[in-house]
Amino acid sequence: MSLTLPPLTKVTKPQFNFKSKHHFLPILCSSNSQSNPSPFSLVSFLRWVPDWADGVKESRVRDPRPLYTPENWREHRSSRRHLRHLLTSLSSRVILSLIPPVFSLTTFAGFIALYNTAVSLAWLPNSIFPVLKASPLPYQLTAPALALLLVFRTEASYSRFVEGRKVWMKVISGAGELASIVLNLRPKDDWSIRSSLINYIMAFPVALKCHVVNGSDIRADLQNLLEEEDMSILLRSKHRPRCIIEFISQSLNVLHLEEQKRNLMETKISCFHEGIGVCEQIIGLPIPLSYTRLTSRFLVLWHLTLPIILWEDCNWIVVPATFISAASLFCIEEVGVLIEEPFPNLSLDELCKQLHDGIRDIMSVHNLIHRRIHAKMKDLDEREVSDGRLSSL
């Protein structure tokens, strides 16, 4: 009797598609097969965490900043602000961006504590593995230096923030004054030219904002201010704020202006050139990189050795102590880095909108005010004439 086996069928390996558009957390896995390496590993996870933190920070940089209203100021100085700030800590871009360095240093402190515990309990031979501890005297001597370094770093960044805010206030006020002068020109000038000139003046702060803030869409921002032919010329230009200034200058040459008024308007245009120069200087010249690198290296080395310094007095408390110290000091340093580039932190969109609304409001009531003033002058002349007649009688 013969036994006949059924033919072997080829077993196909099930295919799984792990590709997805969004990866929120990488999967840690290992593979024994060298021919089919795993798409995720510990190294890729360690790379993903800083990239995720940087992505969160950069996405929040582009969030619009509103101008404060009385309600915002009331909430800003509220006695409940501390609780509110604490509850919203996990949504803070500063805190989220510090997850990689703070947790790395805290993990390192945990390893130091685990190692010292193993040596103290004789799990490791004391003759080969010593307990890692040191005197706190070096930290007591260098603590003032670290504090001064952080203070000077943050103060230098805040000075750049103030300088950027001042130059933008100068640009906004100069644009408003220039538009007011154009509105009050003599009626013999063509109104279409004056209207185009006012649009160019309103377009300059927007073009400057798009020039200094990365990721701005100048076409979308200026579509209601410039005609399509003007927009095409502007988009072909390599330096768009200066292109808007050229539109303004050539429009002024067409108008019939007195020499004094022309000089006044050219003074306002020089404020635009100064604003471009200061903004480009702030964007192109950061705080000296050696200063920034020194602060970063000092902070990292300080917290790498902190568990060793505190071990003898704190034991396992070095882990939360390292976490608290790193979170506090790195937050101060991170704030200084963020405000070093001031323009994304200023409410530039709202400032431009406020300027446009103010100019349009003046344009809407300009003729009404003009007629009202002339009516008053006419009434005054009639009263003088009537008073003169009465006095002659």
Check your understanding: Between S157 and R153, does any side-chain donor sit less than 3.5 Å from a side-chain acceptor?
Key ->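 Side chains of S157 and R153: pair found under 3.5 Å.
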
Check your understanding: Can you get from L329 to F103 by hopping between Ile, Leu, Val, Met, Phe, Trp and Tyr side chains that sit under 4.5 Å apart?
Key ->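 Yes, one cluster joins them.
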
Review point. Taking only residues two or more places apart in sequence, or in another chain, which ones meet W316 in a side chain to side chain contact (heavy atoms under 4.5 Å, CB included)?
Key: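 Residues passing side chain to side chain contact (heavy atoms under 4.5 Å, CB included) with W316: A113, L114, T117, W311, V319.
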
Could you work out the complete set of other residues in the hydrophobic cluster of [X], with links drawn between I, L, V, M, F, W and Y side chains under 4.5 Å apart?
{"X": "W73", "answer": "Y68"}
{"X": "L83", "answer": "L87"}
{"X": "I95", "answer": "none"}
{"X": "L368", "answer": "none"}

Review point. If you draw a 6.0 Å radius around CD in E312, do more than 12 non-hydrogen atoms from other residues or ligands fall strictly inside?
Key: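 Not buried by this count: 12 neighbours or fewer within 6.0 Å.
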
Exercise for review: Mark yes when over 12 heavy atoms from residues, nucleotides or ligands other than Y115 sit less than 6.0 Å from its OH; otherwise mark no.
Suggested key: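 Atom OH in Y115 is packed in, count exceeds 12.
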
Check your understanding: Which of these, C352, P241, C210, sits in a side-chain contact (heavy atoms from CB on, under 4.5 Å) with P205?
Key ->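 Answer after filtering C352, P241, C210: C352.
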
**Study point:** Salt-bridge criterion met for R240 and E246 (N-O under 4.0 Å)
**Key:**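 Salt bridge between R240 and E246, a charged N being under 4.0 Å from a carboxylate O: no.
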
**Study point:** Set of salt bridge (Lys or Arg N to Asp or Glu O under 4.0 Å) partners for D357, sequence neighbours left out
**Key:**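 Scan of D357 (salt bridge (Lys or Arg N to Asp or Glu O under 4.0 Å), adjacent residues dropped) gives K353.
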
